[in-house]
Amino acid sequence: MQQLVKLYQQWAGTEPAHIEQLAGAGSNRQYYRITAADGATVIGVVGTSREENHAFVYLDRHFVHHKLPVPAVLAVSDDEMRYLQTDLGSTSLFDAIRGGREAGGRYDLAEQTLLKRTIRALPDLQIRGANDLDWNQCYPQPVFDEDNVLFDLNYFKYDFLKLTGLDFHEMKLEASFRRFAKDLTSEPSESFMYRDFQARNVMLDTEGNPFFIDFQGGRKGPYYYDLASFLWQASARYSYKLRRELVAEYYNSLKQYVEVPSVRHFAGRLSLFVLFRTLQVLGAYGFRGLYERKQHFIDSIPMAMDNLRDLLSLSEDMLPYPYLREVLARLADMPRFAHREEPTRLRGDGYKTTEHNIYPAHPQDGPATFSKYDGKGPLVVRVYSFSYRKGIPEDPSGNGGGYVFDCRSTHNPGRYEPYKKLTGLDEPVIRFLEDDGEILDFLTHVYALADKHVERYVQRGFTSLMFCFGCTGGQHRSVYSAQHLAEHIHEKFGVEVRVCHREQGIEQTFSAKKKES
């Protein structure tokens, strides 16, 4: 720490006003935010490997020279064990898309935009960043080669495959590995391979523009590797549709820098690297989970195995390694790695998760007109109870209203003296209605309609939806139904719900659940 402060003093010509240690990253380096008296900040880095630091500093200065979006190194200690760099803030792409990740892969449009913006920027770093780069400055080696591949494949074999107890023929598997390694390195490449391209290593500025960090392990290598590493990260849970869109974004961006192969060839090569990355990841999960017994990594294995099962469904000409496929198929069939069906988790912030046009159109129909109501968000649901004697509530949004449900067919507690002065919010009335059961059957059908409607309104980014429940006096059945639907929608979808029991003069708001950030 003292040496880092000394470096800062030499660079800034003044003492720092405050130093805050930041959370660690994937390497053993320590990060500090150093604040000056005027509030200006820089990041101080203390490394454990001179060679790793040297590689980062060299690559960073090279990328800055080519005007690529990376932090700028400001000062380096003589022994290269410490350096200062510009502060890119505290928002990583990983943090910014947490809501969609934790919702099981339901990324909203803002998160999808960040992902697309990031993946479009990657070829710029890979291709322009490779211009005039001295590959001998890279650490720990300058080029992605067969030795790299075989090292990681054996990591998978010894730290995952053997720990599962699965029986296999070592020499046959080794032969498959060698053929696989040869295929992965068969095409010449002049691009920069980031090596650790993931959402945690992308910082976002206030405009949502991506900046790349922690690229010190990069080297000359195929650009497919980084794309596979980013899009097939098991915990990200990108849907097939979103992943396909992101691959297309990358492919179209790549066209601006190099002559791209055909779509078929590109997809074939990418599949090889996806398989390689999946085996790499399983090797890491095996060591951290099956060997060190760390629960987080054990819990991550089924997601990686799902990726593996998807790969094994490809044709043999895409993955032409018969014995390797056989071993992996038996591995994927092991009961301990079976697919885990998880309940659908919807977004809880009321913003849309789907593009404007979510309806597939037949070519004969022509293009649909665009709705001016799409994409405004967030959704607010209004639920009313009322008496039919006083009329159906007006819709304050100006949309003309929504569902109106007639509760008068269900058993009325208001006919009985003990309940005449109570409402559907009172425990004796609730017990009466639920013991009778008619209102529960009624609401089962209401919930089915409401759930589909709310889900679609969230998908499209609409702002208002209204449900009304009427009964004779607006006191018992309608109040019970309105309250329970409001609580059901808020619990399931997390959107803002405003409930109004008009005849009782009671209003309540269930605030939207805050989006994780």
Side-chain angles (χ1 to χ4, degrees), residues 103-106 108 239 241 341-354 357-360 371 373-374 377-388 392-393 395 397 399-413 423-425 429-472 474 476-502 508-513:
R106 292 182 63 88
D108 66 22
S239 68
K241 179 178 181 292
E341 198 66 45
E342 297 186 4
T344 300
R345 288 176 285 173
L346 301 176
R347 292 299 300 241
D349 49 27
Y351 285 96
K352 65 184 299 186
T353 61
T354 309
N357 181 16
I358 61 173
Y359 301 103
S371 170
Y373 300 104
D374 275 288
L379 177 66
V380 175
V381 179
R382 293 176 175 84
V383 186
Y384 291 83
S385 66
F386 69 96
S387 167
Y388 272 102
I392 298 172
D395 181 4
S397 73
N399 292 330
Y403 285 99
V404 180
F405 296 103
D406 188 345
C407 305
R408 291 175 295 185
S409 66
T410 59
H411 197 176
N412 182 11
T423 75
L425 300 178
V429 175
I430 293 171
R431 185 179 65 247
F432 174 95
L433 291 170
E434 293 181 351
D435 286 347
D436 175 78
E438 275 193 333
I439 201 78
L440 300 179
D441 185 56
F442 170 77
L443 284 178
T444 296
H445 299 288
V446 171
Y447 289 168
L449 285 170
D451 287 353
K452 290 294 184 182
H453 214 107
V454 173
E455 183 175 0
R456 181 50 55 88
Y457 268 39
V458 170
Q459 286 177 339
R460 295 192 65 180
F462 288 172
T463 59
S464 180
L465 179 58
M466 182 175 174
F467 296 93
C468 297
F469 293 87
C471 64
T472 306
H476 300 101
R477 295 164 292 179
S478 62
V479 169
Y480 175 94
S481 299
Q483 187 71 25
H484 279 71
L485 179 66
E487 293 174 0
H488 168 82
I489 290 173
H490 183 258
E491 177 64 27
K492 183 166 185 177
F493 297 95
V495 299
E496 181 177 327
V497 183
R498 301 174 188 174
V499 59
C500 173
H501 302 298
R502 191 182 69 182
Q508 182 181 7
T509 296
F510 298 97
S511 299
K513 296 178 182 178

Just to verify, what does His488 make a side-chain hydrogen bond (donor to acceptor under 3.5 Å, both in side chains) with, not counting sequence neighbours?
Asp451
Results of ring pair (Phe, Tyr, Trp, His ring centres under 6.0 Å) for Tyr384 - residues two or more places apart only:
none
Evaluate the side-chain proximity of Asn412 to Cys471: yes if any heavy-atom separation is below 4.5 Å, no if none is.
no
With side-chain contact (heavy atoms from CB on, under 4.5 Å) as the test, would you mind laying out the steps for Phe442 and Ser481 before giving the verdict?
CA-CA 9 Å; Phe442 170 77; Ser481 299; 4.1 Å; yes
Please identify each residue that fulfils side-chain hydrogen bond (donor to acceptor under 3.5 Å, both in side chains) with Ser387, with sequence neighbours left out.
none
I want to check something: taking the side chain as every heavy atom from C-beta on, are Ile489 and Phe510 in contact at a cut-off of under 4.5 Å?
no
What pair of heavy atoms forms the shortest contact from Ala482 to Val499, and how long is it?
O-CG2, 4.2 Å
Suppose we screen for side-chain hydrogen bond (donor to acceptor under 3.5 Å, both in side chains). Which residues come up paired with Tyr403, at least two apart in sequence or across chains?
His453
Sort out for me which residue in Ile430, Thr410, Val429 forms a side-chain contact (heavy atoms from CB on, under 4.5 Å) with Tyr480.
Ile430
Just how far is it from atom OH of Tyr388 to atom SG of Cys468, taken to the nearest 0.5 Å?
8.5 Å
Could you pull out the closest heavy-atom pair between Gly400 and Asp395, with the gap in Å?
N-OD2, 3.5 Å
Quick one, His490 and Val381 - any side-chain contact, counting heavy atoms below 4.5 Å?
no
For residues 399-411, which residue pairs qualify under salt bridge (charged side-chain N to carboxylate O under 4.0 Å, His left out), counting only residues two or more places apart or in two chains?
Asp406-Arg408
Note: Ser464 and Leu379 closest approach over all heavy atoms is N-CD1, 3.6 Å
Could I get the full list of side-chain contact (heavy atoms from CB on, under 4.5 Å) partners for Leu425, not counting sequence neighbours?
Thr423, Val479, Gln483, His501, Ile506
Sorted by chain and residue number, the salt bridge (Lys or Arg N to Asp or Glu O under 4.0 Å) partners of Arg498 (sequence neighbours excluded) come out as Glu496
I'd like to check Phe469 versus Leu443 (side-chain heavy atoms, cut-off strictly below 4.5 Å). Are they in contact?
yes
Between Pro393 and Met466, is there a side-chain heavy-atom distance shorter than 4.5 Å?
yes
Test side-chain hydrogen bond (donor to acceptor under 3.5 Å, both in side chains) applied to Glu491 - qualifying residues, sequence neighbours left out:
none
Assess the residue pair Phe467 and Leu449 against the criterion (side-chain contact (heavy atoms from CB on, under 4.5 Å)); give the C-alpha distance rounded to whole Å, side-chain angles, the decisive distance to 0.1 Å, and a yes or no.
CA-CA 11 Å; Phe467 296 93; Leu449 285 170; over 6 Å; no
What is the minimum heavy-atom distance between Val495 and Val458, and which atoms define it?
CG1-CG2, 4.1 Å
Got a sec, which pairs hit side-chain hydrogen bond (donor to acceptor under 3.5 Å, both in side chains) with one end in residues 435-448, sequence neighbours left out?
His411-Asp436
